Amino acid sequence: MQCLQNGLKLFVLIACALINGATSADNQYSRDFIPRESVHVKEGHCHDDQTKVNRLEDVRRLMHEKKLDAYIICNVNENLGKLKPHDRRLESISGFSGRIGTAVITLDRASLWTDGRTFQSAIDDVDCGWTIYRKGGSNSTSLVDWVYDNTVDGSSVGACPYLTSLVWWENFQTIFKEMSIKFIPVYEDLIDLIWTKNRAPLPNSQIYIQPLQFAGETWQTKINRTIQKMAERDADVLVLTNLDEIAWLFNLRARDFPFDPYFISFCIINAKNGVIRLYLVNAEEKLASTVDSSGLRLYQFLNTSVIGTCVRPTCKKNTRIYTNDNMDTCEKTVNIATESFHKTLCVDVREYNPSRFKDDVSKASRDNCVRKVWVSWSCSEAFAEEIPQEKLILDHTPPMALKAAKNGAELEGIMNSTLRDSVFLTTYFAGLEKRMKNGDTLITKDLEVEIKQLRQNELYNNGPSGVSLLGFGPMTQHLFPKITNDIVTENDVFLFDMGSQYLDGTTDIARCFVFGTPNERQKDIYTRLLMTQINLAMKTFEAGTTGRDLDSDEVREPLREIGVHFPHEIGHMLAAHGAIVEGPALISNITEDWRSDVPRDRHIFECRKCKKPQDVAKIPNWSEYVLEEGMVFSNEPSFYGKGEFGMRLENTMFITTGQCEKPCFAFRQLVFLPYEPNLIKPELFSDHQKSWLKDYHGMIEQLVIPQLQARNDSTAIAWLLNRTNVTFLNN
């Protein structure tokens with residue numbers, strides 16, 4: 001009996017240790033990598049160049065003229081999307097080069113709020129005279145409380161509505177009202193007024209067509225489907241400011257950004273009067289440019305005139321197009337979602353001008369005939385404020401929802417491009433291992449350049465899809481390792497995480513290698529990452545499931561058993577030749593996301609100075625979006641071991657119909673690249689995990705080897721078979 005009691009005590013102790021270990025894993029990354037410091041006052045280390053200090057003082061001079069006591073700077077552009085050099089307003093006055101940042105300037109102080117991932121770089125980058133707050137820090141203060149502490153009752157705080165989202169604007173307005181602070185719209189951004197020299201222009205890359213064989217449907221069909229979705233919500237006008245939605249809708253791409261094949265633009269679709277309006281940078285120049293190899297010009301593709309003005313045809317009975325912007329009778333309507341009108345769709349193209357766009361949104365929204373006007377969650381206040389409140393629909397737009405579930409042609413393109421990339425990487429990694437054995441000197445930075453150059457030779461390649469995450473040894477422990485001149489040896493972990501853009505798809509792949517003999521810790525972590533990846537890949541789920549539901553404790557259990565946690569989603573959506581990360585869905589059960597280590601709104605609107613709790617509006621979490629067949633996701637469990645090494649395994653996959661007793665969904669793999677058997681501890685695997693891996697190896701051999709044979713690459717074939725023909729799966 002005593003032995004039994006001791007055994008029970010031991011069992012309880014072990015169970016408690018496992019539970020505590022799993023719980024502590026959630027905070028391990030924060031303890032290891034998020035800085036302990038919460039506030040940093042940048043007093044010394046002033047920049048030699050006084051340009052930024054002078055600009056800051058110029059902004060304060062304008063604040064004094066406009067009777068502003070404080071000015072808020074959101075680190076965004078008019079599309080509220082990724083920043084271009086032209087948009088680096090915050091950097092132009094502070095030196096801060098990161099993405100996650102919001103600042104406040106008073107007449108004698110300047111403060112910046114960023115997150116743990118960029119806090120240290122902010123300290124390094126920012127000029128003297130600034131105070132830097134880490135969101136989520138124990139000693140940090142929220143932005144709104146800081147404003148309260150550094151102003152007096154009745155003070156005026158300004159911000160630019162073009163550069164602030166509708167959601168954030170309403171939050172600022174609500175909280176400052178509670179604080180007896182006036183919140184003032186400043187339509188001409190103060191930094192724009194003073195930053196007139198040495199500023200990069202808006203990007204103006206050439207637009208090209210996404211071919212129908214890859215897009216799967218014409219832009220006219222997409223417009224029609226969008227109109228049908230609008231009709232379900234009684235929306236007559238749709239305002240689009242998200243670049244991914246506009247590019248997808250019109251089957252157009254460009255290279256205004258290093259990685260995302262999009263172009264600066266706005267769009268309005270008016271289903272009431274049949275006007276489709278697209279706003280482009282250097283519109284007339286783009287309209288006259290060719291958009292494909294046949295010599296087709298953009299104005300021809302959009303069925304408009306060379307100057308972008310539609311010559312509207314007379315249509316069938318009861319269908320007439322009106323172009324009068326001052327239309328004031330509800331009898332003048334047109335159904336542009338009909339098959340008979342499909343061929344007559346025409347796009348009015350205007351110059352990209354946020355002020356002009358704002359006026360056009362106002363005209364369309366205030367038309368008495370228009371019932372509802374639909375905008376996205378990322379619409380700026382400047383545009384949304386033109387819409388009467390009773391007409392406003394604030395939600396994911398139809399193009400966002402429609403493009404989330406890829407059509408047959410898009411899925412085929414993604415499958416082909418990812419297989420092509422898998423074959424390329426098999427060839428490359430086989431050659432890399434051979435060079436290691438031959439004693440070649442391999443430098444991380446050189447390998448990154450080499451991979452990019454060689455990938456360009458692949459069919460339909462269109463450059464990288466994201467930042468290269470390439471590292472060796474201690475550098476791999478960081479979420480975003482810097483590309484260095486480290487020499488790759490046999491003694492540590494080599495991390496590869498580099499996706500690519502192809503005209504028929506977007507790829508995102510990560511693998512890890514130890515070219516010598518790995519230690520037990522490396523093998524344990526690698527195996528548990530693979531087990532976690534397999535757990536998600538094997539999932540079947542019912543209709544109505546969200547990404548939060550899928551990223552369960554069961555999926556992450558192999559890592560939680562040893563107290564390991566990675567502080568980001570396990571899966572993000574990918575576009576079809578578009579952004580490597582897109583919405584509206586995410587496979588994640590944590591509050592952090594890929595943009596920040598704390599919820600984005602935290603320590604911006606947390607109001608301790610308010611007399612009563614404030615109801616703060618929030619943008620919907622992508623992890624709460626219901627998953628659909630045809631969505632494409634990454635599957636990327638990761639490890640960041642401070643003082644050790646880092647690892648990431650990343651595949652992509654799409655949702656398809658599953659084989660269950662009742663209707664369900666499952667994942668189908670897109671990446672076919674073997675794992676490293678010298679890093680796998682097979683005794684940790686369950687039978688189901690072994691079975692999945694064996695089937696995966698079979699698919700790799702079936703799909704990749706024929707293409708390697710066509711290339712006469714015997715080295716790559718041998719390398720692949722050494723990884724798929726492993727004894728522990730055949731026992």
Side-chain angles (χ1 to χ4, degrees), residues 29 32-33 82-85 88 91 95-100 115-125 255 257-260 421 424-425 427-429 431-433 435-436 440-458 461-501 506-515 522 566-568 572 579-581 594-595 597 634 636 638-650 673 676:
Y29 180 90
D32 286 346
F33 289 98
K82 291 189 177 180
L83 298 178
K84 310 167 292 297
R88 293 283 181 179
E91 183 177 2
F96 176 69
S97 60
R99 173 68 179 87
I100 306 297
D115 71 350
R117 299 180 188 183
T118 53
F119 182 71
Q120 185 58 54
S121 62
I123 293 173
D124 297 336
D125 292 344
R255 270 298 188 179
F257 302 87
F259 308 119
D260 296 350
D421 219 23
F424 163 76
L425 290 174
T427 298
Y428 183 80
F429 291 143
L432 190 66
E433 184 178 74
R435 290 155 65 187
M436 282 290 301
D440 293 1
T441 300
L442 304 177
I443 298 174
T444 305
K445 185 176 291 185
D446 295 343
L447 294 179
E448 186 220 11
V449 174
E450 181 181 77
I451 292 168
K452 287 181 178 179
Q453 290 176 341
L454 292 174
R455 254 179 174 159
Q456 290 176 359
N457 299 324
E458 297 299 309
N461 188 268
N462 197 30
S465 60
V467 175
S468 299
L469 303 179
L470 211 67
F472 176 75
M475 192 56 65
T476 62
Q477 67 185 280
H478 302 289
L479 185 64
F480 300 105
K482 293 181 180 179
I483 307 296
T484 65
N485 288 315
D486 289 338
I487 296 175
V488 179
T489 69
E490 296 182 345
N491 302 323
D492 216 327
V493 175
F494 173 65
L495 168 67
F496 167 90
D497 186 351
M498 293 175 63
S500 197
Q501 290 288 358
T506 301
T507 72
D508 196 8
I509 302 173
R511 288 293 186 268
C512 296
F513 305 89
V514 175
F515 293 107
Q522 292 166 344
F566 53 95
H568 55 72
H572 58 76
I580 199 171
V581 178
W594 63 277
R595 286 162 287 203
D597 55 58
S634 68
E636 50 180 305
S638 308
F639 169 71
Y640 312 98
K642 187 173 184 180
E644 296 184 90
F645 56 88
M647 285 184 171
R648 181 179 300 114
L649 296 175
E650 182 172 15
L673 188 65
E676 293 301 294

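The basis for the numbers below is simple: all heavy atoms, side chains too, and nothing from hydrogens, waters or symmetry mates. If you're wondering where the values come from, they're calculated on a predicted model, not measured in any experiment.
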Show, in sequence, the C-alpha distance, side-chain angles and deciding distance for S500 and N461, and conclude whether the side-chain hydrogen bond (donor to acceptor under 3.5 Å, both in side chains) test is met.
CA-CA 7 Å; S500 197; N461 188 268; 2.8 Å; yes
Does the pair H568 and E636 meet the rule for a side-chain hydrogen bond (donor to acceptor under 3.5 Å, both in side chains), with working shown?
CA-CA 10 Å; H568 55 72; E636 50 180 305; 5.2 Å; no
* To do: Kindly indicate, with the supporting measurements, whether the criterion side chain to side chain contact (heavy atoms under 4.5 Å, CB included) is fulfilled by E458 and D421.
  => CA-CA 8 Å; E458 297 299 309; D421 219 23; 5.7 Å; no
*Evaluation steps, side chain to side chain contact (heavy atoms under 4.5 Å, CB included), between F429 and L673*: CA-CA 10 Å; F429 291 143; L673 188 65; 3.8 Å; yes
**Item:** Check against side chain to side chain contact (heavy atoms under 4.5 Å, CB included), D492 and Q522
**Value:** CA-CA 9 Å; D492 216 327; Q522 292 166 344; 3.7 Å; yes
Run F259 and K82 through side chain to side chain contact (heavy atoms under 4.5 Å, CB included) and show every step you take.
CA-CA 10 Å; F259 308 119; K82 291 189 177 180; 5.7 Å; no
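Of all heavy-atom pairs spanning G643 and Q477, the tightest one is N-OE1, 3.0 Å. Closest of all the heavy-atom pairs between G646 and V493 is O-CG1, 3.5 Å. Listed here is the closest heavy atom pair of G499 and R455: O-NH1, 3.3 Å. The shortest heavy-atom contact between E448 and S468 is OE2-OG, 2.9 Å. The shortest heavy-atom contact between I580 and S465 is CD1-OG, 3.3 Å.
Between F424 and Y428, the ring-plane angle classifies as parallel under the 30° and 60° cut-offs.
A 4.5 Å side-chain heavy-atom check between F496 and L425 finds at least one atom pair inside the cut-off. Put simply, the side chain of D446 does not reach to within 4.5 Å of the side chain of E450, judged on heavy atoms. In this structure, T476 and L469 have side chains that are not in contact, with every pair of non-hydrogen atoms separated by 4.5 Å or more. Taking the side chain as every heavy atom from C-beta outward, L649 and R511 approach each other to under 4.5 Å. Within the 4.5 Å cutoff, no side-chain heavy atoms of V514 are placed close to those of E676. The closest side-chain heavy-atom distance from R648 to Y640 is below 4.5 Å.
Note that the CZ atom of F515 and the CG atom of N491 stand 12.0 Å from one another [nearest 0.5 Å]. With values rounded to the nearest 0.5 angstrom, D497 atom CG is found 5.0 Å from E650 atom CD. The OG1 atom of T484 lies 9.0 Å from the CG atom of L470; values are rounded to the nearest 0.5 Å. Considering CD of E490 and CD of E433, their distance stands at 9.5 Å, rounded to 0.5 Å. With rounding to the nearest 0.5 Å, the separation of CE in M436 from CZ in F494 is 9.5 Å. Atom CD1 of I483 is separated from atom CZ of F472 by 14.0 Å, given to the nearest 0.5 angstrom.
Between the side chain of R88 and the backbone N or O of L83, no donor-acceptor pair lies under 3.5 Å. Side-chain atoms of T444 never come within 3.5 Å of backbone atoms of G471 as a donor-acceptor pair (strictly under, hydrogens ignored).
When the options N462, D260, T506 are evaluated for a side chain to side chain donor-acceptor pair (under 3.5 Å) with Q501, the one that passes is T506.
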